[in-house]
Amino acid sequence: MADDTKQFNATSYFAYIKDEKKLMGIRCRNCSHLSSTPRPMCPSCHSKDVEWHEFSGKAKLSTFTCISIVSVAMGKRGYGRDNPCCTGIVTLEEGPRVSAHILGVDGNNPQSIKTGMALVLDPEEIDPEDPALAFRPA
Amino acid sequence: MTTINKKRRLGRNVSIVGAGMSAFGAFKEKDSRDLFSEAFQEMMGHMDQGIDIEDIECGYIGNYSSDLFEHQGHTAPIMADWLGMTPVPMTRIENACASSGSALREGVMAIASGMYDIVLVGGVEKMTNLATDQVTDVLASAADGLYEVPSGLTFPGIFGALAKAHMDRYETNLDHLLKVAIKNHHNGALNPKAQFNVTIQSLMERRKSRAQERGQPVPDWQTDMDFLNDAQANPWIAWPLRLYDCAPITDGGSCVLLVASEIAGNFTDKPIHIAGIGQATGRPLHDAEELTSLSSAKAAAAQAYEMAGVTPQDINLAEVHDCFTIAEIIATEDLGFFAPGEGPRAVDEGRTARTGDHPINTSGGLKAKGHPVGASGVAQVIEIFHQLRGEAGERQVPNANLEFGLTHNVGGTGGTCVVNILRRG
């Protein structure tokens with residue numbers, strides 16, 4: 001059960017992922033809108049009556065890129081020209097989308113990565129120092 | 001959500017009477033103040049009927065990140081000092097790559113409000129001090145630092161994801177993207193201010209001659225497409241985008257002089273009028289309504305068209321924000337020049353070439369002219385200013401009756417979009 005005393009912000013969001021291996025967003029109690037990025041006000045109807053909502057972690061890949069010229073942070077994790085980093089826009093089964101690192105695919109062979117493929121959240125791969133969302137093929 | 005569609009009018013009309021830009025490129029020895037001064041001096045030297053610096057009342061300067069690029073914040077007063085304009089008020093406007101598009105809008109509104117008659121607007125960015133990975137990180141900070149960037153997304157990465165979505169949904173392919181680059185380099189080759197004042201064909205020939213001079217194996221590229229399809233010559237940046245799909249890292253400055261239209265005749269016989277302005281915000285790609293379009297561009301364009309009282313088919317030429325080749329294709333669809341998914345075919349058919357029925361990026365665009373991010377929005381306006389006045393030289397659009405030109409300036413990945421429609425006086 002989500003703790004509604006936790007502030008609806010990124011600190012809580014990443015704490016849920018790191019500590020409880022859960023992908024949490026918010027649900028508006030007024031209009032039922034789901035948002036994958038927690039905030040204290042519903043972006044759809046502007047109600048402040050929001051609650052934590054746990055996403056199942058089941059998703060599909062909507063679009064992606066394989067990045068060769070990587071950020072400094074991804075460079076430190078071993079990604080780069082020889083090992084492109086696959087990042088995608090992932091649609092959760094509940095509807096909202098997230099940006100996420102895609103693991104378990106070959107960044108050197110983008111043709112082998114298919115949009116529409118089923119994905120699951122991979123909370124084990126979260127770097128506690130630099131938490132980011134990661135998914136892998138289901 | 002309804003207020004965005006409210007009909008809006010300027011309190012009084014505003015015109016552009018002068019323009020100047022620095023050369024665009026990589027200039028190790030120049031700081032942003034040097035670049036902006038260069039743009040300003042060119043503008044002052046080319047005012048048709050002259051102007052006294054003392055008559056300029058106010059300034060807005062677009063700059064994305066002198067803080068991170070040069071470790072220099074509070075840029076506006078430094079520019080005022082270097083132009084010899086203190087104590088005239090100057091304000092830095094930051095909206096990522098749309099910074100000077102927004103600066104121009106602020107200047108227009110300052111005059112339309114009745115507060116000022118003569119306002120300087122421009123933009124500047126000095127980017128080449130940093131290494132490529134650091135520049136990549138600075139640019140990525142215009143995306144959502146909490147929910148996009150940690151996933152590994154870079155700027156080319158976000159546009160790569162947009163390109164993939166466009167390719168999945170429509171008949172867009174990699175060749176369409178490369179053809180945008182070839183076209184824009186063709187135009188850039190005719191622009192002496194461009195960072196890449198050269199066609200891709202010429203770049204290829206140069207590479208071949210250099211190899212020959214050095215006694216190295218000469219690549220067997222026959223056409224520019226051969227060259228662009230060579231993974232060594234044109235490496236992946238963020239699949240499906242390659243090096244030549246990306247605008248370069250650039251130093252440069254740009255400025256124009258805005259005046260109340262009622263006094264424009266004091267400065268020139270050929271003023272260019274602001275017919276419509278629009279600006280809108282959008283959400284990160286993962287929260288966008290569509291993965292193949294920028295909602296902010298469509299909203300900003302709707303405002304500008306409404307204010308100007310024109311339709312997309314009335315626009316004679318446009319400078320659009322081709323930070324990546326796919327961004328130009330999507331822009332031509334978002335602006336209504338072509339139906340969604342028809343942008344790639346328009347490129348194939350040469351409709352967006354300088355001689356086509358919808359000339360796009362006659363300056364060379366960000367791709368070939370260069371993209372000093374904070375200066376780009378006003379640099380786009382400068383190209384339209386020269387084209388509508390019939391003074392674009394070798395790259396002049398071959399149509400004596402040009403009336404309307406449009407600029408489309410995107411901040412971030414569509415977090416901001418500014419659209420301006422200019423009209424010949």
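Just so it is clear, the values below take in all heavy atoms, side chains as well, and ignore hydrogens, waters and symmetry mates. Each chain gets a letter, A, B and so on, in the order the sequences are listed, and its residues count up from 1.
- Going from atom CG of A:N108 over to atom CH2 of B:W236 covers 11.5 Å, rounded to the nearest 0.5 Å.
- Of the atoms belonging to A:V70, it is backbone heavy atoms, and not side-chain ones, that fall under 4.5 Å from chain B.
- Between chain B and the residues A:G116, A:C85, A:P110, the largest count of heavy-atom pairs under 4.5 Å involves A:P110.
- With contacts defined as side-chain heavy-atom distances shorter than 4.5 Å, the pair B:Y147/A:P38 qualifies.
- Judged by distance alone, the side chain of A:T63 and the main-chain N or O of B:A165 form a donor-acceptor pair under 3.5 Å.
- Residue B:R345 qualifies as open at atom CZ: its count of foreign heavy atoms under 6.0 Å is 12 or below.
- Separation of atoms CD1 (B:I158) and CD1 (A:I89) is listed at 7.5 Å; rounding is to 0.5 Å.
- Atom-to-atom distance recorded for B:M167:CE and A:T115:OG1 is 10.0 Å, nearest 0.5 angstrom.
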- request: Would you please test A:M74 and B:T154 for side-chain contact (heavy atoms from CB on, under 4.5 Å) and show each step?
  value: CA-CA 10 Å; A:M74 282 297 175; B:T154 58; over 6 Å; no
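- By number of non-hydrogen pairs under 4.5 angstrom with chain B, the leading residue of A:P84, A:G75, A:S68 is A:S68.
- Each of B:D287, B:L153, B:D144 was scored for a side-chain contact (heavy atoms from CB on, under 4.5 Å) with A:S99, with one residue passing: B:L153.
- The closest donor-acceptor contact from the side chain of B:S151 to the backbone of A:T87 lies at 3.5 Å or more, if one exists at all.
- Summarising the geometry of B:H286 relative to A:R97, their closest heavy-atom pair is O-CB, 3.0 Å, with the distance given to 0.1 Å.
- The shortest distance between side-chain heavy atoms of A:S62 and B:L291 falls below 4.5 Å.
- Interface remark: B:D137 contributes side-chain atoms only to the contact with chain A (heavy atom separation under 4.5 Å).
- Proximity to chain B is absent for every atom of A:Y79, based on heavy atoms less than 4.5 angstrom apart.
- Put simply, of B:P156, B:A140, B:A288, the one with the most heavy-atom pairs under 4.5 Å next to chain A is B:A288.
- Residue-environment remark: CD (B:Q134) exceeds the threshold of 12 foreign heavy atoms within 6.0 Å.
- A distance of 6.5 Å separates OG1 in A:T65 from CG in B:L241, rounded to the nearest 0.5 Å.
- No part of B:P284 comes within reach of chain A, as not one of its non-hydrogen atoms sits under 4.5 angstrom from that chain.
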